[in-house]
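For reference, the structure discussed in these notes is given below.
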Amino acid sequence: MGAVAEFLPGPCELTDPVAREGFARSWKDEVPQAPGRPLMDILNDARSGLVKAVFVIGENPVGSLPSSARPKEALEGVELLVCQELFLTETAKLAHVVFPACSYAEKDGTFTNSEGHVQPVRHAIEPIGESRPDWEILSALSVLMGYPLEYEDAKELFKEIRTLIPGYGLIGPAPTPPRPSEAAVNRYLEEGFAASLESRYRLMPRPMPSEGMMTLHVGQTLFHSGKLSTHSKGLLALQSEGVLLINPLDAERIGLEEGGQAQLTNDQAQVTVKVKVLERIPKGLAMFPEHFDGEAKRLLKVSTDSMSSVPYFKTTQVRVTGL
């Protein structure tokens, strides 16, 4: 839906009068004037007591963010924490209320792929247990709160989406985007976006490893996706734990052996991990799967982009020693 804190769905500019009128007419209410808050700001406000309640849908900040971001501390301090989830995640375990959401295979809707194709899908099985599609849970909750957002089915939702969000008019390939207006181009130049690209996205030189210091990257592996795939017995049979992947030359230099243990240390934490030696890992780089990063995540620091407010925490420097 292109839902971003400072935009309307689409994304549409918050100040766009045509977009605002369309959303207000469809939602039968005024559209907020102020932008929303990004994740890190919400957590900071929760720790300070400004945010009293948090509703988390399909996300797991306690399990995903490193401890340096203090997500658990933030969510433990709110007066009401509600989670809408398939599994009892680390975040859901803290919640006062958990709404059981059903999976993609149990509901109707659409997917939009990376090429912009909108693809309709139908449920393969009925929702298991008391689980329900996300929209049904939110609709029922809105009625109980005296602000009814009622829909008959997923088709009615899609009809609203097609009406309000550019690019959803037809099933199939996304239409060719219109050329930006002269005003938009001028605003882009005036706000310095073009000039900031060079400083914000330039490649930083990777420090050369010395005395056991290496670049640690926490990322995805072939057999898992995020954290939820670790609930699959079949995938766990292929990969059931996290191991440090390291180049043979680095392993020899540090004194590590296949199946042995290594100690990773930096100013954040110290953790012990099992070692796997792989030639395809570049020299000077060590990798650890994010799907099993419970301990390794303590080594990571969070940096937040100044413009998008997106947190990044996948790479850090560590000292690697053998045990």
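- A donor-acceptor pair under 3.5 Å is absent between the side-chain atoms of Thr110 and the main chain of Gln119, judged by distance alone.
- Looking at Phe158 and Val118, their side chains come closer than 4.5 Å, going by heavy atoms from C-beta outward.
- Counting heavy-atom neighbours within 6.0 Å of Glu76 CD, excluding the residue itself, gives a total above 12.
- Interatomic distance, Thr221 OG1 to Leu245 CG, rounded to the nearest 0.5 Å: 8.5 Å.
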Trace of the ring pair (Phe, Tyr, Trp, His ring centres under 6.0 Å) decision for Phe288 with His217:
CA-CA 6 Å; Phe288 196 89; His217 176 70; over 10 Å; no
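- Looking at residues two or more places apart in sequence or on another chain, you find a salt bridge (charged side-chain N to carboxylate O under 4.0 Å, His left out) between Arg132 and Glu136.
- In this structure, Asp267 and Lys301 have side chains that are in contact, with non-hydrogen atoms separated by less than 4.5 Å.
- Residues Thr265 and Val318 have side chains not in contact (no heavy-atom distance under 4.5 Å, counting atoms from C-beta outward).
- Put simply, the side chain of Lys297 gets close to the backbone of Gly63: a donor and an acceptor are under 3.5 Å apart.
- In this structure, Leu299 and Leu216 have side chains that are in contact, with non-hydrogen atoms separated by less than 4.5 Å.
- Of the inter-residue distances, the one linking Glu257 atom CD with Glu252 atom CD reads 11.0 Å to the nearest 0.5 angstrom.
- Here the closest heavy-atom approach between residue Pro311 and residue Val302 is recorded as CB-CG1, 3.8 Å.
- Smallest separation of non-hydrogen atoms from Glu295 and Val271: O-CG1, 3.3 Å.
- At a threshold of 4.5 Å between side-chain heavy atoms, the hydrophobic network of Ile, Leu, Val, Met, Phe, Trp and Tyr places Met40 and Val78 in one connected group.
- To the nearest 0.5 angstrom, Leu14 atom CG is 5.0 Å from Leu8 atom CG.
- Atom NZ of Lys274 has 12 or fewer heavy atoms from other residues, nucleotides or ligands within 6.0 Å.
- With hydrogens and angles disregarded, a donor-acceptor distance shorter than 3.5 Å links the side chain of Thr91 to the backbone of Val62.
- Using modelled atom types and a 3.5 Å distance limit, the side chains of Asn266 and Gln317 yield no donor-acceptor pair.
- Annotation: side chain of Leu65 is in contact with side chain of Phe313 (closest heavy-atom distance under 4.5 Å).
- Leu244 and Phe292 fall into different hydrophobic clusters, where Ile, Leu, Val, Met, Phe, Trp and Tyr side chains are chained together by heavy-atom contacts under 4.5 Å.
- Using modelled atom types, one side-chain atom of Arg298 and one backbone atom of Gln270 make a donor-acceptor pair closer than 3.5 Å.
- Nearest approach of Ser68 to Gln268, heavy atoms of both residues: CB-OE1, 3.6 Å.
- Using modelled atom types, no side-chain atom of Asp250 and backbone atom of Ile246 make a donor-acceptor pair closer than 3.5 Å.
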### Message
Could you walk me through whether Leu43 and Asp45 satisfy the side-chain contact (heavy atoms from CB on, under 4.5 Å) test, starting with their C-alpha distance in whole Å, then the side-chain angles of each, then the deciding distance to 0.1 Å, before giving a yes or no?
### Response
CA-CA 5 Å; Leu43 295 178; Asp45 288 347; over 6 Å; no
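- Linking ILVMFWY residues whenever their side-chain heavy atoms come closer than 4.5 Å, directly or via other members, leaves Ile57 and Leu228 in distinct clusters.
- Checked by atom type and distance alone, the side chain of Ser26 never pairs as donor or acceptor with a backbone atom of Gly22 at under 3.5 Å.
- No side-chain donor from either of Glu279 and Asn247 sits under 3.5 Å from a side-chain acceptor of the other.
- Within the 3.5 Å criterion, the main-chain N or O of Glu290 finds a donor-acceptor partner in the side chain of Lys227.
- Checking Trp27 against Glu160 by side-chain atom types alone, a donor-acceptor pair falls below 3.5 Å.
- Between the OG atom in Ser303 and the NZ atom in Lys314 there is a gap of 12.0 Å [rounded to 0.5 Å].
- Using the six-membered ring where Trp is involved, His291 and His224 have ring planes that are tilted, between 30° and 60° apart.
- Of all heavy-atom pairs spanning Ala24 and Val31, the tightest one is N-CG2, 3.7 Å.
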Does the side-chain contact (heavy atoms from CB on, under 4.5 Å) test come out yes or no for Arg20 and Gln33, once each step is laid out? CA-CA 10 Å; Arg20 292 182 63 85; Gln33 299 284 342; 3.1 Å; yes
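- Connection of Met145 to Phe55 is established within a shared hydrophobic cluster, with ILVMFWY side chains joined at heavy-atom distances below 4.5 Å, either directly or through further cluster members.
- Remark: the backbone N or O of Asn44 is not paired with any side-chain donor or acceptor of Arg70 at under 3.5 angstrom.
- The pair Lys155-Asp108 does not meet the salt-bridge criterion, since no charged nitrogen lies less than 4.0 angstrom from a carboxylate oxygen.
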Side chains of residues 94-104: which donor-acceptor partners sit under 3.5 Å, not counting sequence neighbours?
from: His96; atom 1: ND1; to: Leu81; atom 2: N; distance (Å): 2.9
from: Ser103; atom 1: OG; to: Ala105; atom 2: N; distance (Å): 3.4
from: Ser103; atom 1: OG; to: Glu106; atom 2: OE2; distance (Å): 2.7

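- With sequence neighbours left out, Glu258 forms a salt bridge (charged side-chain N to carboxylate O under 4.0 Å, His left out) with Lys276.
- The OG atom of Ser131 lies 10.0 Å from the NZ atom of Lys107; values are rounded to the nearest 0.5 Å.
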Residue pair Val143, Glu150: steps toward the side-chain contact (heavy atoms from CB on, under 4.5 Å) verdict: CA-CA 8 Å; Val143 173; Glu150 297 181 272; 3.6 Å; yes
Criterion side-chain contact (heavy atoms from CB on, under 4.5 Å) on Leu300 and Val218, from CA distance to verdict: CA-CA 9 Å; Leu300 304 175; Val218 178; 4.0 Å; yes
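- Distance check: Ile254 CD1 to Thr321 OG1 gives 8.5 Å after rounding to the nearest 0.5 Å.
- Of all the heavy atoms in Val277 and Ala251, the pair that sits closest is CG2-CB, 4.0 Å.
- Side chain of Ser64 to main chain of Pro61: no donor-acceptor pair is present (N/O by atom type, distance under 3.5 Å, no hydrogens or angles).
- Using a 4.5 Å heavy-atom threshold, the side chains of Val320 and Leu256 count as touching.
- With Asp153 contributing its side chain and Glu156 its backbone, the two residues share a donor-acceptor pair below 3.5 Å.
- Val54 has its side chain out of reach of Val82: every pair of non-hydrogen atoms, C-beta onward, lies at least 4.5 Å apart.
- The shortest non-hydrogen separation linking Glu6 to Pro35 is CA-CB, 3.7 Å.
- Placement of Tyr147 and Leu157 within a single hydrophobic cluster is found when ILVMFWY residues are connected by side-chain heavy-atom separations under 4.5 Å, directly or transitively.
- Looking at Val56 and Glu59, their side chains come closer than 4.5 Å, going by heavy atoms from C-beta outward.
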